[in-house]
Amino acid sequence: MGSFDFHSHSSFSDGLYPPAEVIRRAAANNPAAFALTDHDTLDGLAQARFAAQTLSLSFIDGVEISTTWMDKTLHIVGLGIDPGNNELAQGLHQVRTGRVERAQRMADALARIGIGGCFEGSMVLASNPHLVGRTHFARYLVSQGMAKDTKAVFRKYLVPGKPGYVKHSWATIEEATRWIHKAGGVAVLAHPGRYDIGPNAMKRLLDEFKSVGGDAVEVITSNHTREQAELFARHAQHFGLHASAGSDFHGDEGDRVAPGRTYDLPTGVKPIWELLRHTLDVDVVGAY
Ligand code: AMP
Ligand code: MN
Ligand code: MN
Ligand code: MN
């Protein structure tokens with residue numbers, strides 16, 4: 001029995017591959033179950049589910065919602081959601097509004113330091129223009145020789161304090177959690193180790209996430225060291241949250257992340273699949 005992978009991206013947001021190709025690559029790693037969780041859109045799920053069925057891969061419908069908390073951008077993953085749910089669809093529509101305008105402001109900011117053409121260049125790379133984001137900017141700037149890889153572009157230009165970063169307000173964590181619950185899903189705080197938040201603020205965040213109905217913490221993610229995984233496992237236990245695992249696969253060369261392959265959860269945590277039994281295939285549940 002392989003591990004499970006509940007976090008991945010297709011070209012419907014900022015992944016490089018279309019859903020069917022993400023699924024094909026994931027299935028090759030034989031996970032127990034797999035979720036596509038594109039940023040702020042459900043549009044790739046039908047294609048992904050279809051591809052998963054043809055390969056007998058146990059598939060979970062997911063989404064990763066952009067939120068703002070204390071001026072920081074946080075991501076909340078929704079798993080086991082009904083892609084036909086109206087409240088979730090409307091919420092995501094509201095979150096997407098503003099991405100294109102933000103992209104224009106980012107391009108203007110970069111133009112001011114002499115880097116032109118970023119809006120057009122990034123829009124061309126976004127197969128889904130409404131979902132244009134920093135990853136497309138990063139890929140465009142790499143293609144222009146501005147840095148050796150996307151990670152270097154983020155470091156130099158696209159994170160807070162750097163010239164291409166502009167402020168933007170996404171959903172609140174309460175809204176994101178509510179929309180996910182309305183759609184029958186569970187809400188997961190994604191890659192907590194990536195946020196630039198001190199230990200006390202992190203505890204406040206986990207407390208607040210729990211109090212707005214949050215269900216789980218992503219303990220295993222390609223962004224975490226083993227030590228961070230252990231830390232967030234203990235946090236999950238302390239705050240009464242379940243633990244999730246995901247590759248956060250985007251397909252970029254050099255990021256060494258394989259879809260469908262994650263590490264085992266640390267011992268003692270409550271695994272998130274306990275909350276997803278209703279959406280998982282019976283044989284998968286039996287295998288655990
Ligand atoms: P956006 O939603 O447009 O602000 O873009 C956020 C996305 O950028 C994330 O989902 C990641 O795919 C990517 N990202 C954020 N920070 C980094 C980083 N330091 N290095 C590489 N990719 C990053
Ligand atoms: Mn992304
Ligand atoms: Mn994320
Ligand atoms: Mn992600």
Side-chain angles (χ1 to χ4, degrees), residues 4-19 22 25-26 34-45 48 60-69 72-79 81 92 95-96 99 102-103 106 122 125-142 149-151 153-155 158-160 165 168 170-171 173 176-177 180 185 187-197 205 209 214 216-224 228 232 244-262 272:
F4 57 91
D5 179 356
F6 289 164
H7 189 151
S8 71
H9 297 274
S10 78
S11 51
F12 277 86
S13 63
D14 60 355
L16 273 185
Y17 302 110
V22 175
R25 287 171 179 243
F34 185 79
L36 182 70
T37 57
D38 273 316
H39 297 287
D40 307 324
T41 183
L42 308 172
D43 288 352
L45 293 174
I60 303 234
D61 290 297
V63 65
E64 181 174 16
I65 305 181
S66 309
T67 72
T68 302
W69 180 81
K72 308 257 180 214
T73 298
L74 309 179
H75 288 170
I76 310 285
V77 161
L79 297 171
I81 43 112
L92 294 177
V95 177
R96 283 192 301 270
R99 263 190 184 272
R102 179 188 70 146
M106 286 168 62
S122 305
L125 295 180
S127 348
N128 192 356
H130 301 292
L131 267 295
V132 66
R134 287 185 291 159
T135 307
H136 306 107
F137 274 70
R139 291 186 189 132
Y140 173 70
L141 289 170
V142 171
D149 57 23
T150 54
K151 286 210 174 352
V153 180
F154 269 91
R155 256 197 320 272
L158 301 179
V159 295
Y165 185 84
H168 189 73
W170 306 104
I173 60 173
T177 304
I180 290 165
V188 185
L189 180 67
H191 44 63
R194 198 162 93 193
Y195 308 131
D196 182 19
I197 291 180
L205 166 61
F209 182 56
V217 175
E218 203 169 63
V219 166
I220 299 290
T221 155
S222 49
N223 293 294
H224 283 175
Q228 285 177 311
F232 288 107
S244 189
S247 64
D248 207 357
F249 175 75
H250 285 75
D252 288 289
E253 217 175 294
D255 67 1
R256 290 194 304 274
V257 177
R261 202 183 284 160
T262 59
I272 190 161

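Remember, it's 1-based here, ligands and their atoms both numbered in the order they're listed.
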- the Mn ion (ligand 4) contact by H39, N, O or S atom under 2.8 Å: no
- Message: Check whether F154 forms a cation-pi arrangement with R134 (NZ or CZ under 6.0 Å from the six-membered ring centre, at most 45° off the ring normal).
- Response: no
- Please state whether the rings of H39 and H9 are parallel, tilted or perpendicular, taking 30° and 60° as the class boundaries. parallel
- Query: Using the ring of each side chain (for Trp, its six-membered ring), is H168 parallel, tilted or perpendicular to W170, with breaks at 30° and 60°?
  - Reply: perpendicular
- Is there a donor-acceptor contact under 3.5 Å from the side chain of R194 to the main chain of N223? no
- Message: Check whether S127 reaches the backbone of S11 with its side chain - one donor and one acceptor, N or O, closer than 3.5 Å.
- Response: yes
- Message: I'd like to know if the Mn ion (ligand 2) has an N/O/S atom from D248 within less than 2.8 Å of it, counting both backbone and side-chain atoms.
- Response: no
- Do any of the N/O/S atoms of H250, backbone or side chain, fall under 2.8 Å from the Mn ion (ligand 2)? yes
- Query: Do I272 and F6 come close enough that some side-chain heavy atom pair is under 4.5 Å?
  - Reply: yes
- Query: In D14, what N, O or S atom is nearest to the Mn ion (ligand 2), if we give its atom name?
  - Reply: OD2
- Query: the Mn ion (ligand 3) is nearest to which N, O or S atom of E64?
  - Reply: OE2
- H75: its N/O/S atom lying closest to the Mn ion (ligand 3) (atom name): ND1
- Measuring from the Mn ion (ligand 4), name the closest N, O or S atom belonging to H7. NE2
